[in-house]
Every structure is written in C-alpha cells, then in structure tokens.
Amino acid sequence: IMDHTPAQGRMVGVLANEAKVRELIQCYEDVSIAAINAPENITVSGGRASIDDLVQRAKKERIFIEELEVSHPFHSILMRDGARLLEAKLENLKYHAPNRRFISTCTGNFITEEKTLNAAHWGRHLEEPVLFTEAISKAVLAGGKVFIEIGATATLSGLVAQNSTNEGMLVLPSLRKNKPVWNQIYESIGQLWQAGYTIDWKAIYKENAVRIENLPHTPYERKRVWLEDTVATASDLQQQLASESRNLQELGTKEAAATQEVYFDNTDTSVIREEIRDMISQVTGVSGQDISDSLNLFSFGLDSLMLVQLG
C-alpha cells in the first residue's frame, strides 16, 4: 500500500510543548502534529518544503529538532489518500470485538467491548496523531506499573519515563541498540522474576537444556597446566638486571618531572555522579543501579533528544 501512496514529506521531533508546536505549524496547510510523545517532545509530519522552513524557524528560536528516518509523512493530512487505500484493502476482513483490555494510541483511551476495530479505525490511525502521552497516563491511572516494550530499540521505554515519575514503575525493553539480543531479553525477564512475576521457563527454553559456553563437553576433556622447568644462564640474568635498571631510571625521571605539575583536587565527585545517574534514570527508565561510569549510555536507548533534556 505504501508503495502506491505518492505522498512525499518529512517527519521531525521537536523538543517543545504542544502549544508551542501548534504555534509553529499554524501557517502550513500540509503540516500536522504526528505524535505527542511527552509533555516536551512532539513529532510533526508534513511536506518537505514546509518542514524545511519550520526547522529553520525552530532553530532560530533555539528549539532542538531531530530528523526521523521515514519513507512517508505518516500521521499527517498528506496520508489521507493512503488511509483510504488501507481501508479498501482491509474492508473485506472479518473483525471481532477485543477479548482483552488495551489502550489505543489513536484515542488515548481503552477500547471498549462495543468498539469494533474495523478498517476505518486503522485508516484513521494512519493519518491522525499518536496520542502516546494520553495512552500512558490512562494506563498509569488504571494501575499500570509494569511496561514492556516490544520493538528493536528502547525508545518508547525512555518516553514512558518522561511521562511518569511514579515510584515503583518497571519499564523494560525487549531489545536495545548495540546490545546482544538475548542479553537484553534475559535481563528484562530477570527483572520481572525479581519483581515477583511468574516466568514460564519452559516457554523460554522450549524444554531444551541450557548450554553454558566454554565448559568442557565431558569430564574427560582435560587441559594440562604445568610450569615448565627452565634453566636461566648468567647472560640471561645480566640482561634482565640491565633492563630492570633502565626501567627504574626512566621511572625516576618521569616521577621527578611529574612532581612539578601535580596538583591536588579534593572535590568529592560522588555526589555529582549520583545526581547525573538519577537524571539518566528518569529519562531512560533504567534503574540507577544498572548505570555505571563505564557503560555506553546509547545502549540504554538514550538518543539526542534525551541528551538535550538532560542538559
């Protein structure tokens, strides 16, 4: 369907509130709010020329903009024809009332039992904005405390954290960029188990034994480790002593030079590190205990929009 949808355009993230974004786009007929991700995180979608102009205006007002890699200007007025094509393709399918409660980001509310998710609903979803903030707020008000993201990155996990600061919430991604697939899946499953949730281990391992890497396959597979007897000659000892003497001389020279430049900084950085760790935890939804100084922050789903918010 998308291959036959001629709409061309761009989508960008804008770090500003909804009122400010509506003020920016009001002069463009082909630009729409595509998603309300968080109180200060809005996505807009529209024609290339209009978005180009909007970006320049936003930058002059020192509003951060992030380009999104998309094939079409989704969730905008330009997708109206594509939405009608989608409805036509889905029109002959048989629809059933939902048998579980879930929240639609098209309405920001629970889908009722009387509501049929028909072709018109999915067509509307293609051209209207994603009400992510409303959907998350509704879930939290309904008692939701555990959020599991099903996707290739941890972007939505970070957005959940931006929408709610409730203590006791557990936000878990299934995958993270630049992190081995099963490492993240097992880590999230482990946190669910630690929080008291029952895990179907048979479904995870499919009744196969877990193989631990780098262990011997049998008790007979042994490796001999033994110190070899060596006889040092007088020449070897002389060379070793000469080498150690040179090393000591070089070390003494470096230490002497260093003493002239050494200064002492008694500033305790632990408090600063803890504050930064708390800020990153609030933006990404990752527990502060899992954030160490040596970890790559982008592995937690941290993107440039979130980094600006940290600033």
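Note that this is a predicted model, so its numbers are computed, not measured.
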Distance from [X] atom [atom1] to [Y] atom [atom2], nearest 0.5 Å?
{"X": "I36", "Y": "I136", "atom1": "CD1", "atom2": "CD1", "value": "13.5 Å"}
{"X": "N118", "Y": "R124", "atom1": "CG", "atom2": "CZ", "value": "10.5 Å"}
{"X": "S45", "Y": "I33", "atom1": "OG", "atom2": "CD1", "value": "11.5 Å"}
{"X": "N109", "Y": "E134", "atom1": "CG", "atom2": "CD", "value": "8.5 Å"}
{"X": "I25", "Y": "R57", "atom1": "CD1", "atom2": "CZ", "value": "10.0 Å"}
{"X": "L15", "Y": "E40", "atom1": "CG", "atom2": "CD", "value": "8.0 Å"}

Short side-chain donor-acceptor distance under 3.5 Å, N37 and T133: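 Note: T133 and N37 side chains miss the donor-acceptor criterion.
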
Answer whether the closest heavy-atom distance between the side chains of [X] and [Y] falls below 4.5 Å.
{"X": "I51", "Y": "M11", "value": "no"}
{"X": "L93", "Y": "L90", "value": "yes"}
{"X": "L192", "Y": "L172", "value": "yes"}
{"X": "L156", "Y": "F147", "value": "no"}
{"X": "W201", "Y": "I189", "value": "yes"}
{"X": "E66", "Y": "V12", "value": "no"}
{"X": "N41", "Y": "Q162", "value": "yes"}
{"X": "P73", "Y": "Q8", "value": "no"}

What about [X] and [Y], same hydrophobic cluster or not, with Ile/Leu/Val/Met/Phe/Trp/Tyr joined at side-chain heavy-atom distances under 4.5 Å?
{"X": "I150", "Y": "I185", "result": "yes"}
{"X": "L78", "Y": "L126", "result": "no"}
{"X": "I148", "Y": "W182", "result": "yes"}

Please answer whether the main-chain N or O of [Y] pairs with a side-chain N or O of [X] as donor and acceptor at a distance below 3.5 Å.
{"X": "S174", "Y": "E149", "value": "yes"}
{"X": "S32", "Y": "I77", "value": "yes"}
{"X": "N163", "Y": "L159", "value": "yes"}
{"X": "S188", "Y": "P173", "value": "yes"}
{"X": "S104", "Y": "I111", "value": "no"}

Test side-chain contact (heavy atoms from CB on, under 4.5 Å) applied to K20 and I63, step by step: CA-CA 10 Å; K20 180 60 181 178; I63 297 174; 3.9 Å; yes

T43/L68 under side-chain contact (heavy atoms from CB on, under 4.5 Å): CA gap, chis, key distance, verdict: CA-CA 9 Å; T43 299; L68 303 181; 3.6 Å; yes

R22/E18 salt bridge by N-O under 4.0 Å criterion: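 Yes, this pair counts.
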
T107 vs L131, side-chain contact (heavy atoms from CB on, under 4.5 Å): CA-CA, chis, key distance, verdict: CA-CA 7 Å; T107 63; L131 305 179; 5.7 Å; no

Taking every non-hydrogen atom, the tightest pair across V146 and Y197: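 Smallest heavy-atom distance, with atoms named: CG2-OH, 3.0 Å.
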
For I103, the rest of its hydrophobic cluster, which grows through side-chain links under 4.5 angstrom: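 Reading the cluster by chain and number, I103 sits alongside F110.
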
W122 and L117: CA distance, side-chain angles, deciding distance, side-chain contact (heavy atoms from CB on, under 4.5 Å) verdict: CA-CA 7 Å; W122 296 114; L117 301 183; 4.1 Å; yes

Other residues, nucleotides, ligands: >12 heavy atoms within 6.0 Å of E61 CD: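 More than 12 heavy atoms, drawn from other residues, nucleotides or ligands, come within 6.0 Å of this atom.
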
Qualifying side chain to side chain donor-acceptor pair (under 3.5 Å) pairs with a residue from residues 67-91, counting only residues at least two apart or across chains: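 Qualifying pairs, neighbours excluded: R10-E67, R84-E87, R84-E127.
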
